[in-house]
K.L.:
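Quick one: this structure, given as structure tokens, is what I'll be asking you about.
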Amino acid sequence: MRLVFWAGFWAFITDQASKYLVVHYLNLRDIHVIEVAPPYLRFVMGWNEGVNFGLFASGSEAARWLLIAIALAVVAFVLGWVRREPPGRGGLVAAGLLVGGALANVVDRLLYGAVADFLNMSCCGINNPFAFNLADVWIFMGAFGLVILGGTKKPS
């Protein structure tokens, strides 16, 4: 479980540090857009009150607390799963990434009432209207890694 902790710790820290740097230090919350390497990478301020891509965003306090509870339940489930059926090293790292990313977004919801999204990437003539953050990357990589490198149980 030490590997889960460290992967989660670094996922959490990199997400929160990047948000602090971009949103507060570079003042993206007031500037709204910073062209980093257009059109490939832009920082675009977005406050996501829902789940991925703003789905289920209602702006209500009840929805905010429900999403916090769901994220914490997912964290508890993943930690319980990898404790019961320990995967290999890659699976433990994947679990840590998912847990760290989920907890980082929980912190955003507690501090700001929404998740701070700022990464916007477009390519090849396709204009992506959505923003995301490093926690979203870690959650996706962790979930994908757990699917590929999941538990040790063999099918009967």
Side-chain angles (χ1 to χ4, degrees), residues 1-24 28 36-37 40-58 61-124 126 128-156:
M1 292 298 283
R2 194 174 341 183
L3 199 51
V4 174
F5 170 79
W6 283 111
F9 173 81
W10 288 111
F12 180 88
I13 292 296
T14 56
D15 175 74
Q16 290 295 296
S18 69
K19 287 173 184 169
Y20 183 82
L21 175 69
V22 173
V23 175
H24 297 288
L28 187 65
V36 178
Y40 306 109
L41 177 62
R42 299 171 35 188
F43 294 159
V44 178
M45 190 69 242
W47 295 103
N48 186 351
E49 296 174 342
V51 293
N52 285 10
F53 308 117
L55 296 172
F56 308 117
S58 70
E61 278 296 300
R64 171 185 173 207
W65 289 105
L66 177 64
L67 291 172
I68 289 170
I70 290 169
L72 293 175
V74 167
V75 166
F77 173 80
V78 169
L79 290 174
W81 178 35
V82 299
R83 191 171 188 88
R84 276 189 318 278
E85 300 176 34
R89 292 178 60 83
L92 294 172
V93 169
L97 293 176
L98 192 152
V99 166
L103 291 176
N105 280 345
V106 164
V107 167
D108 279 13
R109 289 186 196 286
L110 291 171
L111 291 176
Y112 308 118
V115 174
D117 287 336
F118 64 91
L119 294 167
N120 175 264
M121 302 177 83
S122 296
C123 179
C124 315
I126 298 171
N128 176 18
F130 300 107
F132 59 98
N133 59 48
L134 284 181
D136 297 334
V137 173
W138 303 140
I139 291 166
F140 176 81
M141 288 176 60
F144 185 75
L146 282 174
V147 167
I148 302 301
L149 308 167
T152 57
K153 271 194 175 175
K154 305 287 184 239
S156 306

K.L.:
With no hydrogens and no angle check, is any side-chain donor or acceptor of Asp136 less than 3.5 Å from a backbone partner on Asn133?
P.N.:
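Yes; judged by distance alone, with no hydrogens or angles, the pair exists.
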K.L.:
Which heavy atom of Lys19 sits nearest a heavy atom of Ala116, and at what distance?
P.N.:
CE-O, 3.4 Å
K.L.:
Give a yes or no on whether the backbone of Val115 and the side-chain of Asn48 come within a donor-acceptor separation of less than 3.5 Å.
P.N.:
no
K.L.:
Decide if atom OH of Tyr112 counts as having more than 12 heavy atoms of other residues, nucleotides or ligands within a radius under 6.0 Å.
P.N.:
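Enclosed.
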K.L.:
State, yes or no, whether a side-chain contact exists between Leu134 and Gln16 at a heavy-atom distance under 4.5 Å.
P.N.:
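No, their side chains stay 4.5 Å or more apart.
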K.L.:
Testing the basics here: between Asp15 and Ala135, what is the closest heavy-atom pair and its distance to 0.1 Å?
P.N.:
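Minimum heavy-atom separation between Asp15 and Ala135: OD1-N, 2.8 Å.
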K.L.:
How long is the gap from CZ on Arg42 to CG on Leu119, to the nearest 0.5 Å?
P.N.:
12.0 Å
K.L.:
To the nearest 0.5 Å, tell me how far Ile70 CD1 sits from Leu66 CG.
P.N.:
4.0 Å
K.L.:
How close do Asn128 and Ser122 get, counting heavy atoms only, and between which atoms?
P.N.:
N-OG, 2.9 Å
K.L.:
Test your reading of the model: is there a side-chain donor-acceptor pair from Glu49 to the backbone of Gly113, 3.5 Å cut-off?
P.N.:
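No; judged by distance alone, with no hydrogens or angles, the pair does not exist.
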K.L.:
Before giving the answer on side chain to side chain contact (heavy atoms under 4.5 Å, CB included), spell out for Ile139 and Asn105 the whole-Å C-alpha distance, their side-chain angles and the decisive distance to 0.1 Å.
P.N.:
CA-CA 10 Å; Ile139 291 166; Asn105 280 345; 3.8 Å; yes
K.L.:
Do Val44 and Phe118 come within less than 4.5 Å of each other through their side chains, counting heavy atoms only?
P.N.:
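Val44 vs Phe118: side chains apart.
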K.L.:
Determine the minimum heavy-atom distance between Gly101 and Trp138, stating which atoms define it.
P.N.:
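Closest pair (atom of Gly101, atom of Trp138, distance): CA-CB, 4.3 Å.
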K.L.:
Is any side-chain heavy atom of Met1 closer than 4.5 Å to one of Phe5?
P.N.:
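The answer is no, as the side chains (C-beta and beyond) never meet within the 4.5 Å cut-off.
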K.L.:
Only one of Val4, Leu149, Leu92 passes side-chain contact (heavy atoms from CB on, under 4.5 Å) with Pro87; say which it is.
P.N.:
Leu92
K.L.:
Can you name the closest pair of heavy atoms from Ala102 and Val75 and give their distance?
P.N.:
CB-CG2, 3.8 Å
K.L.:
Tell me, yes or no, whether the heavy-atom count around Trp10 atom CH2, taken from other residues, nucleotides or ligands under 6.0 Å, exceeds 12.
P.N.:
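No, because the 6.0 Å sphere around CH2 of Trp10 holds 12 heavy atoms or fewer from other groups.
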K.L.:
Under 4.5 Å between any side-chain heavy atoms of Asn120 and Tyr40, yes or no?
P.N.:
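Counting from C-beta outward, Asn120 and Tyr40 never come under 4.5 Å.
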K.L.:
Do any N or O atoms from the side chain of Arg64 and from the backbone of Arg109 form a donor-acceptor pair under 3.5 angstrom?
P.N.:
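Yes.
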K.L.:
Is the number of heavy atoms from other residues, nucleotides or ligands under 6.0 Å of Phe9 CZ greater than 12?
P.N.:
yes
